[in-house]
Amino acid sequence: MKRDIKTILFFSIAAAVMVVIIGFTGVKNSGKPVNDVLVKIQDQNGDYFTDQMEIISLMNAGSTDYVLGQSIEHLDLKMLEQRVESNPFVKEAQIYRDIKGNLIVKVEQARPIARIFNPNGPDQYIDEDGRLLPVNAKHTARVPIIETERGFSWERSLTETDYGNDILALLNYIEKDKFWSAQIAQVVIEKDGQLKLLPQVTKQEIIFGMPDDLDSKFKKLMVFYKEILPNKGWNTYELVNVKFENQIVCE
């Protein structure tokens, strides 16, 4: 019994000492100046829409509030994350310190899945969450082009309208499939909201209809590519229509 009590006392005292040491180390480290800023940008399929210099400039508020050399305890890490996330191509930023006095900045980039062609103004990217992003001088993403024959009221995201959500679902469907992401080069939105897809390799226009019933329509389209074209000839048809239920119309 006495041995059990001694064992409990030993571990209790050891735990208390560890808490004191950790607390002392935390206080000591919090008073250290920032030694360096280490930026880690997540690679999105080789696409880099920002870089270390731009991230550090955002943290420094454009050279008006330098981070390097400041005491870590005086830094508002949440505010620094918000500064970095003001870049539209930064989806999320996480900033924390390490035991060496460095600030670690982890950046997750937005991932464009399409580009809206705008003949009357600047083009815009659409990311996987539906957000509208500006084109970027640092990098050009190889994604399908969207050409629209009708105007839309999207200000910041496709998710602002039901139709926009349907378009986003289509774009994500294409992007997540290796075959379709390589094959579909352009999406044309006609005035009535129906879609026409233009392929990268073959010459046939694809009449898709409204952006709905995606699984069924792409299955029919796969039948066209895997079974009909190899048997009938790759240049036999100029158009394939998959918008009607249980039908593949080739012309």
Side-chain angles (χ1 to χ4, degrees), residues 39-59 61-62 77-95 105-178 180-190 193-198 200 208 210-212 214 218:
V39 179
K40 301 178 180 180
I41 301 175
Q42 180 182 355
D43 179 12
Q44 295 282 17
N45 300 319
D47 293 330
Y48 286 96
F49 296 96
T50 187
D51 55 34
Q52 180 176 332
M53 290 183 62
E54 187 173 29
I55 296 300
I56 293 176
S57 177
L58 289 168
M59 292 175 66
L77 299 185
K78 187 65 177 177
M79 181 189 68
L80 293 179
E81 289 174 347
Q82 290 172 350
R83 287 181 182 176
V84 174
E85 289 171 355
S86 68
N87 182 323
F89 284 93
V90 173
K91 184 176 181 179
E92 184 180 11
Q94 295 181 349
I95 301 177
V105 186
K106 287 189 174 181
V107 174
E108 180 183 358
Q109 293 186 118
R111 184 160 57 92
I113 59 173
R115 178 170 178 162
I116 300 176
F117 171 72
N118 184 359
N120 300 315
D123 290 1
Q124 291 178 296
Y125 284 123
I126 301 169
D127 78 357
E128 60 186 327
D129 298 318
R131 293 189 308 148
L132 297 175
L133 309 173
V135 292
N136 187 286
K138 287 185 171 64
H139 186 81
T140 300
R142 298 182 64 181
V143 293
I145 300 295
I146 296 180
E147 184 179 341
T148 177
E149 298 175 357
R150 57 180 290 186
F152 293 99
S153 57
W154 303 318
E155 293 183 5
R156 296 185 177 182
S157 173
L158 267 65
T159 59
E160 293 165 4
T161 65
D162 291 339
Y163 184 80
N165 277 310
D166 291 340
I167 292 293
L168 179 61
L170 171 81
L171 296 174
N172 274 311
Y173 191 103
I174 293 171
E175 194 274 335
K176 290 175 181 177
D177 186 284
K178 287 184 178 179
W180 297 124
S181 61
Q183 177 67 353
I184 304 301
Q186 189 171 344
V187 178
V188 178
I189 303 177
E190 299 179 321
Q194 298 199 56
L195 306 180
K196 180 169 61 178
L197 310 183
L198 303 181
Q200 189 83 255
F208 197 84
M210 298 300 289
D212 56 14
L214 301 182
F218 277 106

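We use all heavy atoms of the structure for the numbers below, so side chains are in, but hydrogens, waters and symmetry mates are not.
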Going by side-chain contact (heavy atoms from CB on, under 4.5 Å), name the residues that satisfy it together with [X], two or more places apart in sequence or in a different chain.
| X | value |
| --- | --- |
| Glu160 | Trp154, Glu155, Arg156, Ser157 |
| Ser181 | none |
| Lys78 | Asp76, Glu81, Gln82 |
| Leu58 | Ser86, Asn87 |

Margin query: Suppose we screen for salt bridge (charged side-chain N to carboxylate O under 4.0 Å, His left out). Which residues come up paired with Asp129, at least two apart in sequence or across chains?
Written below: Lys91
Check: Excluding sequence neighbours, so at least two apart, what forms salt bridge (charged side-chain N to carboxylate O under 4.0 Å, His left out) with Glu175?
Finding: Arg111
Note to self: Checking Asp212 now: which residues fulfil side chain to side chain donor-acceptor pair (under 3.5 Å) with it, not counting sequence neighbours?
What the structure shows: Lys217
Next item on the list: State which residues pass side chain to side chain donor-acceptor pair (under 3.5 Å) with Gln194; sequence neighbours excluded, sorted by chain then number.
Entry: Asp192, Lys243
Is there side-chain contact between [X] and [Y], with heavy atoms separated by less than 4.5 Å?
| X | Y | answer |
| --- | --- | --- |
| Pro122 | Pro134 | no |
| Leu170 | Leu195 | yes |
| Phe49 | His139 | yes |
| Gln109 | Thr50 | yes |
| Ile126 | Leu133 | no |
| Thr140 | Tyr125 | yes |

Between [X] and [Y], what is the shortest heavy-atom contact and its length?
| X | Y | value |
| --- | --- | --- |
| Ala93 | Val84 | CB-CG1, 3.7 Å |
| Ala110 | Pro112 | O-CD, 3.4 Å |
| Pro88 | Arg131 | O-NH2, 3.2 Å |

With rounding to the nearest 0.5 angstrom, report the [atom1] to [atom2] distance, [X] to [Y].
| X | Y | atom1 | atom2 | value |
| --- | --- | --- | --- | --- |
| Glu147 | Asn118 | CD | CG | 11.0 Å |
| Leu168 | Asp127 | CG | CG | 8.0 Å |
| Leu80 | Ile95 | CG | CD1 | 5.0 Å |
| Ile41 | Lys106 | CD1 | NZ | 13.5 Å |
| Asn172 | Ile113 | CG | CD1 | 4.0 Å |
| Ile146 | Leu158 | CD1 | CG | 7.0 Å |

Note to self: Between Arg150 and Glu190, does the side chain to side chain contact (heavy atoms under 4.5 Å, CB included) criterion hold? Intermediate values first, please.
What the structure shows: CA-CA 7 Å; Arg150 57 180 290 186; Glu190 299 179 321; over 6 Å; no
Checklist line | Any pair counted as salt bridge (charged side-chain N to carboxylate O under 4.0 Å, His left out), so long as it reaches residues 114-123, sequence neighbours left out | finding: Arg115-Asp123
Checklist line | For Tyr163, all residues meeting ring-ring contact (aromatic ring centres under 6.0 Å, His included), sequence neighbours excluded | finding: Phe152
Check: Taking only residues two or more places apart in sequence or in another chain, which ones pass ring-ring contact (aromatic ring centres under 6.0 Å, His included) with Phe218?
Finding: Tyr173, Trp180, Phe208
Check: Step by step, would you call Val105 with Ile56 a side chain to side chain contact (heavy atoms under 4.5 Å, CB included)?
Finding: CA-CA 9 Å; Val105 186; Ile56 293 176; over 6 Å; no
Next item on the list: Go through the steps for Arg83 and Met59 under the test side chain to side chain contact (heavy atoms under 4.5 Å, CB included), then give the verdict.
Entry: CA-CA 6 Å; Arg83 287 181 182 176; Met59 292 175 66; 5.5 Å; no
